[in-house]
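Below: one structure, written as structure tokens.
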Amino acid sequence: MEDIVMNNKTSLSASTGPAPAPHGKSRLGLIVSVVAIIAAFFVPLVVDSPAHQNVAILILMAAQMGVAWNIVGGYAGQVSLGHVAFYGIGAYTSTLLMTQWGINPWLGMLAGGVLAAVISVLIGWPCFRLKGHYFTMATIAVAEIVQIIFTNWEFAGAAVGITLPMDQQGWGALIFSSKVPYYYIALGLLLLTLLANLLIERSYLGYYFRAIKDEPDAARSLGVNLGTYKQVAFAVSSFFTALGGSLYAQKELYIDPTSVLGTGLSIKMALVSILGGIGTLAGPVIGAGVLTTIDEGTRILFGGSGLGTDLIIYAALIIVIAVYYPTGVMGWIKNFLARRNARQASLEKGE
């Protein structure tokens with residue numbers, strides 16, 4: 001059956017995947033990506049304010065969450081609003097392993113990712129029997145259940161939370177007095193997640209995921225096991241989401257159910273991708289820059305009196321995107337460039 005699917009990959013990609021970019025555009029995209037990555041490495045050298053460095057870290061962490069969510073929500077089209085469950089699992093796993101048994105946080109981060117992937121299989125098996133908004137509601141319910149469990153679990157600190165010890169510092173303990181190491185760890189994790197997205201996008205998994213999203217009946221007729229590949233997307237996405245949760249715990253040195261299991265965090269993961277451009281590589285990164293700037297801007301402008309202002313802006317953005325820019329910022333950029341190229345071609349033809 002797999003041979004049948006591989007032989008029909010071209011037909012699937014023609015109906016579900018984007019058309020291959022011209023060589024010139026592909027080269028331009030590569031150059032822009034390389035320049036952006038190089039520039040990102042020099043940010044801490046140019047920005048020496050700890051507050052501004054912290055904003056940059058928050059942007060990178062939000063982008064990593066969005067890119068991780070994009071695997072299941074963007075490519076496979078399975079809108080999960082309960083992904084915060086895996087974020088919290090990653091944060092609590094690495095933290096508990098470190099505080100209770102002294103296990104290295106690097107190993108704890110990996111263990112959290114693996115545990116989240118395993119739990120995603122248990123969650124996905126019943127949830128993927130549902131479709132559309134029923135699946136979305138099921139993921140919200142799962143996240144709420146996980147939050148209730150940790151809120152009442154005394155071993156995990158219950159509602160009080162857990163504080164990470166600071167008796168050891170350095171790369172081995174993943175605890176630093178400066179913001180710069182956290183910046184580079186967040187950047188490295190984002191690049192790793194982007195690399196996973198790129199490999200998926202250019203592999204047979206990318207064809208399968210897009211087929212499941214756009215033409216599920218056609219994919220099923222060609223032998224694609226929809227349930228299996230939805231689960232693969234869910235597990236990979238959960239793994240990287242948990243890594244982001246572990247990094248959050250190490251950076252903040254304190255976690256509780258509200259900070260790592262709040263429903264608002266799930267919404268932000270999805271909104272980052274939707275705003276920037278769902279199903280694209282750069283979209284979540286752009287969306288993270290916009291949303292994190294809004295978060296920090298409203299916090300600075302309004303302080304405690306402006307609590308909830310960011311959520312109002314989020315709601316307004318959702319309405320604007322749904323009505324005017326359903327393909328997100330990346331879609332708007334592509335349409336703008338296409339119109340400009342069309343005008344240039346028309347002018348050249350007129351000459």
With no hydrogens and no angle check, is any side-chain donor or acceptor of [X] less than 3.5 Å from a backbone partner on [Y]?
X: N70; Y: P284; answer: no
X: S238; Y: S120; answer: no
X: S221; Y: A218; answer: yes
X: E201; Y: Y75; answer: no
X: S259; Y: I255; answer: no
X: Q147; Y: I145; answer: no
X: S266; Y: V84; answer: yes
X: N104; Y: G172; answer: yes
X: Y182; Y: Y248; answer: no
X: Y229; Y: F209; answer: no

Please check if the number of heavy atoms outside [X] that lie under 6.0 Å from its [atom1] is greater than 12.
X: Q100; atom1: CD; value: yes
X: W125; atom1: CH2; value: no
X: F42; atom1: CZ; value: no

Do [X] and [Y] touch side chain to side chain, with heavy atoms closer than 4.5 Å?
X: L253; Y: T163; value: no
X: I175; Y: Q169; value: yes
X: E144; Y: T263; value: yes

If we count only N and O atoms by modelled type, under 3.5 Å, do the side chains of [X] and [Y] hold a donor and an acceptor together?
X: S237; Y: H83; answer: yes
X: N225; Y: K230; answer: no
X: H133; Y: T136; answer: no

> So which of S246, P181, S94, P105 actually passes side-chain contact (heavy atoms from CB on, under 4.5 Å) with L174?
Replying inline: P105

> In a check of ring-ring contact (aromatic ring centres under 6.0 Å, His included) between F86 and each of F234, W69, F239, which one passes?
Replying inline: F234

Distance, nearest 0.5 Å, that separates [atom1] of [X] from [atom2] of [Y]:
X: F240; Y: N197; atom1: CZ; atom2: CG; value: 8.0 Å
X: L97; Y: M109; atom1: CG; atom2: CE; value: 12.0 Å
X: M61; Y: T292; atom1: CE; atom2: OG1; value: 10.0 Å
X: L247; Y: L60; atom1: CG; atom2: CG; value: 9.5 Å

>> Looking at Y208, I'd like to know if the NZ or CZ of R210 sits under 6.0 Å from its six-membered ring centre while staying within 45 degrees of the ring's axis.
In response: no

May I ask whether [X] and [Y] are part of the same hydrophobic cluster, defined by side-chain heavy atoms of I, L, V, M, F, W, Y residues being less than 4.5 angstrom apart, directly or through others?
X: L198; Y: L192; result: yes
X: F41; Y: I59; result: no
X: W171; Y: L189; result: yes
X: L130; Y: F128; result: yes
X: I286; Y: L58; result: no

> Partners of W106 by ring-ring contact (aromatic ring centres under 6.0 Å, His included), sequence neighbours excluded?
Replying inline: none

